[in-house]
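Hydrogens, waters and symmetry mates are skipped; everything else that's a heavy atom, side chains included, is used. In what follows, chains carry the letters A, B, and so on, assigned in the order in which the sequence lines appear, proteins first and then strands, with residues in each chain numbered from 1.
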Amino acid sequence: MTGRAQSRDVRPLDEEDWRPLAPAAERARRIASLGWTLVWTVALLLVDRPGASRLPENWPLPPGYTAALAGMLLLARALVWPSLWYRHWRYAVRARDVLLRFGVIFRTIRSVPRERVQHVDLAQGPVLRLFGLYRVTLYTAGSGGADASIPGLEEKDALALRDELLETPAEDGERSGERPHG
Amino acid sequence: MSDPTADGGSRDGRLHRLHPASLLTGLADFAARWLLPLLLVWAIGGRSESVPVRLLVAGAALSLVGRVSTYLTTRFGIVGDRFVLRRGLLFRQERTIPLESIQNVQIRQGPLHRALSLAELRIDTAGDFAEEEVLLSGVPLRAAIDLRRRLLRRGALASEAPRSRPVLRLSAREILLAGATENRVGYIAAALAGLLELLDDAGVEPRDWIEPLLARLSDEPQRTAALAAGLLVLLLLAAGWTVSVALAFLRFHGFLLEETPRGFVRTSGLLHRSWIVLPHERVQAAIVEANPLRRRLGRVTVRAVTAGGSRDDLRSGRTVVAPLVPEARARALVRALLRSGDPPRRLRPVHPRSLRRGLVRFAAAAAAAVLALYATAGPAASLAAAPVLLALAWLLARARYRALGWALRGPILAARAGIWTRRTFFVPLDRIQSVAWRQSPIQRVQGLATLEIDIAGSGPFAGPRIVDLGAREAVDLFARLTGGP
């Protein structure tokens, strides 16, 4: 945290070596996002059909325009957002805890102590399966535990992370959380 | 009264049945739940062939069959180091719970239970799911206490334990004060809304008789209506106050908090008597809370946040340990609950820029309200309302800032927030499950951040948080809570 004392954008543990998600996670996210865009646009078009809109009489836009506009906004979001999302997602495994850092607009850094991890889930939806990726979720006894979830890791990384977390933490000496060069 | 499950019965591993009189309490409970709605529907609807009525009757019949079959088929007892419960007529169910995974055992008595010396026994396991609990309704009280002792096995926790020490009793005057310093006007409003809905369904239009009444009272209907509305608000407040006093007596009559070597036992209730056990190892945090009225009187409520499925006091996992005590006593109670040293006495304010953030937030809401007024009521009304709303925004921002505070002293973290009900969490550091540092866009601009502390047993959005720390302070505290040796 040296040299940033003046900055208002101070974030914990800037010097940690953060790991990114698997590069394919961005594409997976985009495809999922495009899929939802399609679903929502079709649903909106059913309500706001160019021929027979079911929106109120005094709606300011002509029939079909609202759905088209919303569809385009969703499309833009699906194209742009995943890159930003991917760029802001990082995680770090330290001696005592796992750090998750994410969020583009609302930023979060969560620390899950390794000794608090009750169990670890690996999960795949259809899109993640397409890319051979896994979502790794860490559960604690706390109520916000489901928040601690890493949304896109390659199989070997996901399995390694799970095994690492389920090992009993090293009792003595080894404290890799302290950076030797930091 | 015959007492088939009393002492010694289950030591040989034999399973027990519920007490025959429990059929009676089951039927009474059935009547309380179903008869009144049925009667109401018949009295108002009158058309017994309509679908909702039929559904209601079918539901009632199913519930009745269920209750009788529960009584007939329930078998329970301790076999070896497990608790076994068998029940079910069509869908047989056998639940086995290892004694070591039992978190807590609670005993309750309703009015009829008390008349028959029966009790309801509930077994909480570590899971947070309601289905995983065991509820035995209709065990003789003595047998229930004995069963609890054997289920918890780790020494006597029941209130008759020799080393139990009364910590807090409430006199009628204090219970009255507890009820009088809150107002459950929300309950009344909800009940009133329900009643209007019911009347509407029955084809009675309240307007039809309110308007002629107003007209008869005065020839200036508008002014009378305003007067009537004011009177109604007063009546609602009075009714809400009455209800909260009555509820306070129902919940806290005979309140007694005792400390035993293993934890606390809370006895309370006028009609429904409950014995709530709070083992020390289950207490995750303590909450001290008070609304403005109570703050003025120097009185606060103390709650314990517990892990596991305790669903008392309507809010899950937040058992009231002291309904209303002077602040000085609350401190001692928190200390006794957490057993990890002195809780911080003075809290530090959060970053001064937090006041500005609050102002931005409330001023934005005020601006939205002014715009809405402009659209509906025109420029004159919105111009008149704007200064009032802005002043209100400033007052709210100031109240919000004053409420925020935190402290870390030794092994206990304290975090306070709440404009109306001010709530201070005291969390022992070794109970923290995870810590999150969060920053919204406005906080980023202002150099602020929020720390959220996750503990077991607090709801997903109701846990302790330190709002609007200065960015550097937040980083340091985050590091202390997570990375420290």
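Across all non-hydrogen atoms, the minimal contact from B:F478 to A:I109 is CE1-O, 3.6 Å. Minimum interatomic distance between B:Q433 and A:P113 (heavy atoms only, all atoms of both residues): O-CD, 2.9 Å.
Formation of a donor-acceptor pair under 3.5 Å by the B:R438 side chain with backbone atoms of A:R107 is not found in this model.
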Intermediate values then yes/no, side chain to side chain contact (heavy atoms under 4.5 Å, CB included), B:W437 and A:T108: CA-CA 5 Å; B:W437 169 99; A:T108 301; 5.9 Å; no
Before giving the answer on side chain to side chain contact (heavy atoms under 4.5 Å, CB included), spell out for B:S434 and A:R116 the whole-Å C-alpha distance, their side-chain angles and the decisive distance to 0.1 Å. CA-CA 8 Å; B:S434 71; A:R116 294 295 187 193; over 6 Å; no
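Atom OG1 of A:T140 sits about 12.0 Å away from atom CD1 of B:I432, to the nearest 0.5 Å. To the nearest 0.5 angstrom, A:I105 atom CD1 is 8.0 Å from B:R444 atom CZ.
Heavy atoms closer than 4.5 Å to chain B are found nowhere in A:V98, neither backbone nor side chain. For B:I442, no part lies under 4.5 angstrom from a heavy atom of chain A.
Side chain to side chain, B:T482 and A:R96 fail the donor-acceptor criterion of an N or O pair below 3.5 Å.
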